[in-house]
Amino acid sequence: MTTQELSATSGIELAQASRSNLWQDALARLAANRLAVIGIIPIVLLFFVALFGPTLTPYDFLAQDFTARLDSPSREHWLGTDELGRDVFSRILYGARTAVSVGLVSTAISLVVGLIMGSLAGYLGGRVDILVVWLTDVTRSMPALLLAIVINLTLKVPLEAWMEQLYLETKNTFFRQTMWVDLVLVFGALALIQWPGYARLIRGQILSIRSRNYVLAARALGMPTSRILTRYVIPNAMGPLIVAVSAGLGGAMVLESAFSFLGVGVQLPIPSWGKMISDGLRMWQTHPHLLAGPAVMMAVITVSFAWLGDGLNDALNPRQWK
Amino acid sequence: MFDRDNPPLVRVEKLTKHFSVRIGAYGETRATVHALDDISFTVQRGETLGLVGESGCGKSTAGLTLLQLHQPTAGKVFFQETEVTGLSDTELRPLRQKMQIIFQDPYSTLSPRMTIGNAIGEPLWLHELIAKNRVQERIAELLDAVGLNPAFAFRYPHEFSGGQRQRICIARALACEPEFIVCDEPISALDVSIQAQIINLLQDLQETYHLTYLFIAHDLAVVRHISDRVAVMYLGRVVEMAPKSRLFSNPLHPYTHALLQAVPVPNPRQERQRQHTVIHGNVPSAINPPSGCRFHPRCPLAFEPCDHIVPEWREVESDHWVACHAV
Amino acid sequence: MSVLLDVQDLQTRFKVRQGYVYAVNGVSFRLEEGETLAVVGESGCGKSVTMLSLVRLLPPAASIESGQVLLKGADLLQLDQRQLREVRGGQIGMIFQDPMTSLNPFINIGAQMAEPLIYHRGMGKKQALARSAELLEMVGIPDGETRLREYPHQFSGGMRQRVMIAMAMACEPAVLIADEPTTALDVTIQAQIVELVKALRDRSGVAVVWITHDLSVVAGIADRVIVMYAGYVVEEASVDALFEDPRHPYTVGLLGALPSLDGDAHRLTTIGGSPPDLADQPTFCPFHPRCPYAIERCRTENPALEAVADATARGHRTACWVDIRELQSPVVSGS
């Protein structure tokens, strides 16, 4: 408060802070966070490229040019070409598509599962709570990559066989595309790894918000439970959830690349950064551009999500507000 | 206790609330917290009943259980001669409108994500108290009634000080057009100069809207100031209840006596001359409350029956109730 | 009596996001040997920050801008960290509001009590423990030797505050600073603690600085009182003079806001509004927006703390442009 303001105010009509709403406040705080703002730029670009990638790429991601195999970056191929003469830049742009779709879909699945399980645990309590907490503990105790490998090894063959059978029965060519099996397995594995985090977060939020006085006050007003949930519990749980989802999106993309790197991710022909890194690694001494392109992209996106998540955390954490 | 010509607004009969908790390092032992045991009192229309006691004596539990925000373990509560104990949430809704509560901590009582106008407006449409097109007008009226600028309706709680938030909470309770308000330590979290503002506001509103208060507090001076009658609680039981002038001039229960002795007098000359008899020991745990009279381990008057017979809650003079063997 | 602690023009401010908050603005006061001085004010008035500034136990955002804190003639603000540690717990004992968090829950009471004795007094462990047991008995905790082996959670709030007092008194300090020591306690326990501190003071002759927001407690324990508002001392007087002849409108307001146990149910006088946080050193009286007696001068000049001309008792000082006794009724009264 400045001296002028102080001398201008008198009596009880003295609001202590500025006239702004909470979300605007949070947004202003986010905008003031330099790293978060820097982080937003690559993330926006990533989503833009994922949406419009095909119209932006100079070459088709599958177009092979055997006259230009393993070319270094040049004017024709900005980031060079790979073993099959495919344009690396185009493949990176397509890879953004994989990363974003994997990130969005797997986060959405795990968020929905986590919301349901977490709310059940937080609201019903008792045995349901114990069961959910136990389930999350068990899931989280398994190493993520190992879990993905196990899922891939045990489910891929039977799933593909099942698809083949469906094709034979229906003659629908859709079932010949084994790419879908890969996607389902990757999404499933990611969701399985990520849902416990969301479930625990939501459970904790519900438990803590339920004990707040404003929920008691709402009950004292005679408000029905459904309304208490939608007006009080959920809006107040949003902040931490937004932070978790932002971090989760980045995490899912990194995990997907790790899967691809280990050979349990999305298989060719859809380009995936992890797969490109793992391919590039074999020849990094002679053709470093194959590794550098996707690796730098991966690093930039990971760091960007971390910065944005940090910024959101600071902006939405009410304990740091005065 | 029951006067047919002048029925009380609120009647509490042998209200009991026990909480089940798990104790021990692994929660292996179940224990019962005797938060409230067998309390009975009435609140007459238009009066303020003060409920006073030290922390952990169950006074807040009494308020919450009375309003059915805690499920009572036993006992009955009547509001306007209608039993409210055992009613479902839906059946309670019309009664909730008539019985409101103001909490101690105005910081956590308002959702940080709701403008104060919305918070105050909520009960209006919930109980369909006013036509939709008049809601804004009514919110402005209510803000004005509690001494706030009606233009504040579009602001969020974090922009207000503790005293202002308590005013907002009061406006919200008033929006219900209640007849009875439980004030659960409404000023304890506030600064001295702000406390006086809120006390005066509550008194003004009582006069304007003909409100009846159950005023819960630990501060005897505040309770004396605002109440017509005062009930003193100790470890889950009401030990004495009387009109305030009688309770403060002629306390019968040794605990009431000790409590009055402990209150500092804001007058240095009187303080120097005053006899300082300090009551020893601490309030025991409500998990294993002492047998018989719960005050007996600290009581200077304790004698033979006190440690095994629960003293009867009886009216020793007209409207002066006490539970003590020594009286 | 001689002056034990002499604080001159103490200024402390906090760095915040946009600039500074001026928490303590040129506070001066003296504490004489064996005296009990009460520091009164609402939350945010700078009373705790003032006391923490004395021993430089401030959070990192705070800085002492100027001033002198002379303890028996030596300026505490000039000491290095090692010398300062000698003073804290040695010459100056402190107790705080929250006895629940002031003790380490993982260490038994004996070890916590013995530590300052070993550090400041160079005692051996055995000797320190024996002394600790004595101290516990002194603060009214019987069976000291057994209780030394217990942990903080085995003590009630009042008992923990007794332990804190025993620790503060362990090295026979010259000054005991008590920062809202009874605020978190129930009224019967508060009475026990007040009586205990009075008894210790009378026995050991320690000078006490008792920080509180509760004027009722002040009446029973203090010899002299200073009233703080927005980081300024606005009134200083003997306890009798303060209660019987208050001269600053803020003090009058605080006293009027107190419901009393034996008074009639008069209407409480209130002070409208709430205390400010100062972002600058004001060129006006910081109380004037809430003051019913404010005149034009209050808006343009900040009054200094000066002796009351026709005071009934010596050493009565106030910072106000208005002689409120000349004005029978305030211009407007609060809300």
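Letters A, B, ... mirror the listed sequences (proteins, then strands); counts begin at 1. Reckoned from all heavy atoms, side chains included, excluding hydrogens, waters and symmetry mates.
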- Task: Name the member of B/Met99, B/Glu122, B/Gln104 that forms the most heavy-atom pairs with chain A at distances under 4.5 Å.
- Result: B/Glu122

- Note on the structure: Applying a strict 4.5 Å limit to non-hydrogen atoms, the region of A/Arg227 in contact with chain B is side chain

- Message: As an exercise, state the distance from CD1 of B/Ile116 to SG of B/Cys169, rounded to the nearest 0.5 Å.
- Response: 10.0 Å

- Below 4.0 angstrom, N of the basic side chain to O of the carboxylate: do B/Glu141 and B/Arg134 qualify? yes

- Item | Largest heavy-atom contact set with chain A, pairs under 4.5 Å, which of B/Ile101, B/Val182, B/Leu110 | B/Leu110

- Query: Between B/Gln197 and B/Arg167, is any side-chain donor less than 3.5 angstrom from a side-chain acceptor?
  - Reply: yes

- Query: Under a 4.5 Å heavy-atom cut-off, does chain B meet the side chain of A/Met223, its backbone, both or neither?
  - Reply: both

- CG (B/Leu211) and CG (B/Leu174) are apart, to the nearest 0.5 Å, by 6.5 Å

- Query: Quick one: do the A/Asn236 and B/Ser111 side chains pair a donor with an acceptor below 3.5 Å?
  - Reply: yes

- Query: Does the pair B/Glu185/B/Lys59 count as a salt bridge with the N-to-O cut at 4.0 Å?
  - Reply: yes

- Item | For chain A, the option from B/Ile194, B/Thr109, B/Asn118 that forms the most heavy-atom pairs under 4.5 Å | B/Thr109

- Item | Most contacts with chain B, counted as non-hydrogen pairs under 4.5 angstrom, among A/Ala220, A/Ala218, A/Ala217 | A/Ala220

- Bottom line for B/Ile102: the part with an atom under 4.5 Å from chain A's heavy atoms is neither

- Item | Contact origin within B/Leu126 toward chain A - heavy atom pairs under 4.5 Å | side chain

- Item | Residues of residues 200-215 of chain A near chain B, each having a heavy atom less than 4.5 Å away | A/Asn213, A/Tyr214

- Against chain A, label B/Leu67 side chain, backbone, both or neither, depending on which of its atoms sit under 4.5 Å from a heavy atom there. neither

- Note on the structure: Hits for ring-ring contact (aromatic ring centres under 6.0 Å, His included) against B/Tyr209, two or more places apart or cross-chain, chain-then-number order -> none

- Task: Give the minimum heavy-atom separation between B/Thr85 and B/Lys76, together with the two atoms involved.
- Result: OG1-CA, 3.5 Å

- Message: For the residue pair B/Gln80 / B/Glu179, report whether a side-chain donor-acceptor contact shorter than 3.5 Å exists.
- Response: yes

- Message: Please report whether the ring centroid of B/Phe180 lies less than 6.0 Å from that of B/Tyr213.
- Response: no

